[in-house]
Amino acid sequence: MTNKVCVRFAPSPTGYLHVGGARTAIFNWLFARKNNGKFLLRIEDTDAERSSEDLIQGILDGLEWLGIDFDEGPYFQSHFMDEHRKAAQTLLENGHAYRCFCEKEELDRKREEARKNKAPLMYDGTCRDLTEEEASEKEAGGLPYTIRMKVPRDNGSVLFTDIVYGEIEKKHEDIEDFVILRSNGQPLYILSNTIDDIRDHITHVIRGQDGLANTPKQILIYRALGAPIPEFAHMSFALDPKKAKISKRKHGEKVAVHFYKESGFLPWAMVNFLSLLGWSTPDSQQIFSKEELIDIFSLKGINKSNCIFDVRANDPKFFTDPKAFSINAHYLRNLPVAEIVPYVKQNLKKNGLWKPEYDGEKQQWFFDTLELLRERFHLITDFSDLGRAFLSDNFERDPKAVEKNILKYNGLKDWLPELADRLQNMDGFFSEQIEQVIRKTAEDLDVKIGILINGIRTVITGQSVGPGFIEMLLAIGKNRVIERLRQTPDLF
Ligand code: GLU
């Protein structure tokens with residue numbers, strides 16, 4: 001036994017990494033890293049129907065993308081079922097558990113009766129006091145049985161201090177003799193989870209609030225086996241703004257970490273965002289590097305009350321929590337460009353917009369263009385979407401922008417091609433001259449310069465807003481600017 005901090009993330013396989021699960025994983029990981037401890041991954045796959053390779057891969061991919069690395073595992077709970085059965089046997093042998101031969105129908109009937117009488121729905125202990133001979137006789141007669149914990153029947157209680165929820169006391173008399181092994185030999189989750197935590201020397205169980213109800217029963221198992229009891233920290237849930245649990249049924253793909261990957265979020269921005277859910281940071285700081293976050297992380301900062309993840313947001317632009325967007329925009333705009341390039345590259349490749357010269361002779365142009373564009377962007381996908389005209393001649397113009405900045409001014413049909421001719425006659429393509437040419441064209445044609453400028457932007461980028469005007473022209477380049485200005489009449 002060592003006292004080294006050891007924590008685990010123990011998801012049940014679902015095919016994807018749930019954002020709430022990711023948050024649990026992140027808190028465990030931060031705690032392990034902060035304490036130079038060990039973080040292990042255990043897939044709780046004993047519910048055989050729901051487990052398959054694919055269901056597990058989604059979780060591994062999600063963690064990998066987020067950069068949440070584990071030191072051990074993945075372990076698979078299903079590989080340890082014999083050990084769980086053995087533990088049930090030990091509990092039986094040392095008198096902390098007993099065989100229960102009650103039939104399901106009988107138990108259901110009693111439960112129904114209790115419900116009607118508004119009595120507690122607890123097992124009534126019919127088999128608790130069978131003598132060894134009686135029980136062995138029934139067993140020898142081939143009667144199926146479950147194994148139940150023999151919860152002490154005294155005035156005592158299970159008392160523990162949850163790091164988040166504080167002192168919690170559950171009287172023995174309020175804990176039923178719960179089943180730990182089914183009659184078909186299948187261990188119950190509550191047993192498997194505890195035995196795995198004992199074997200893995202878990203020192204701190206950091207998990208969702210739903211685990212709190214199980215904790216007193218689990219502590220009884222620890223006690224009965226003489227195993228050291230870990231610390232517990234239960235995390236409040238992240239709920240949607242209507243206070244509903246974030247679920248696939250309600251929120252579709254927005255429950256899954258890979259949705260955020262595909263939508264253009266940066267992994268660390270997502271970790272940063274999720275780590276702020278239900279955890280108060282000193283000085284309300286919002287942006288943390290990995291080192292900073294590890295340094296200041298403390299389980300004590302976790303809030304008891306539920307926190308809100310605004311997955312419902314339905315604005316086409318901000319389709320999820322606005323805070324996630326603002327944190328992502330922060331990283332997108334402030335990291336060295338070279339650090340965002342791999343993500344942009346991947347996204348451009350996916351959209352057929354990547355050109356090998358961006359790694360070669362056009363690398364400087366590519367970096368400068370990303371630098372220019374990112375000032376207004378929130379997502380990696382914005383480069384191939386809002387920024388498409390900078391990277392391809394095959395782009396669409398926003399109909400609203402065309403309506404407002406082009407179609408309203410019939411004269412643009414002639415003015416912009418005229419401007420194209422004048423730009424073509426320039427030597428080179430430099431800011432001051434470009435400005436002069438545009439100004440002069442406006443004067444000669446007797447048109448307000450603003451109308452020309454808005455028209456130019458819309459024709460060459462398809463958008464009514466974007467980066468600085470001259471920088472934009474320089475990034476698109478002389479030839480493409482001229483070519484696009486000449487397309488103006490086609491828009492009418
Ligand atoms: N497998 C459980 C779940 O996915 C985790 C319980 C625990 O961490 O103890 O909810």
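Indexing begins at 1, ligand by ligand and atom by atom, following the structure's order.
For Lys304 and Asp162, the salt-bridge test fails: no basic side-chain N is under 4.0 Å from an acidic carboxylate O. For Glu83 and Lys86, the salt-bridge test fails: no basic side-chain N is under 4.0 Å from an acidic carboxylate O. A salt bridge does not link Arg8 to Asp200: none of the charged nitrogens lies less than 4.0 Å from a carboxylate oxygen.
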Contact table ligand 1 N or O to protein N or O, d under 3.5 Å:
residue  : atom  : partner : partner atom : Å
ligand 1 : 1 (N) : Ala10   : O            : 2.7
ligand 1 : 1 (N) : Ser12   : OG           : 3.0
ligand 1 : 1 (N) : Glu44   : OE1          : 2.6
ligand 1 : 4 (O) : Ser12   : N            : 3.2
ligand 1 : 4 (O) : Ser12   : OG           : 3.2
ligand 1 : 8 (O) : Arg8    : NH1          : 2.8
ligand 1 : 8 (O) : Arg8    : NH2          : 3.4
ligand 1 : 9 (O) : Arg8    : NH2          : 2.7
ligand 1 : 9 (O) : Asn193  : ND2          : 3.1
ligand 1 : 9 (O) : Arg207  : NH1          : 2.9

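Counted by atom type alone, Tyr16 and Glu253 present zero donor-acceptor pairs between their side chains at under 3.5 Å. Checked by atom type, the side-chain pair Tyr331/Asn272 shows a donor-acceptor distance below 3.5 Å.
Scored by the side-chain contact (heavy atoms from CB on, under 4.5 Å) test, Arg376 finds Val465 as partners (sequence neighbours excluded).
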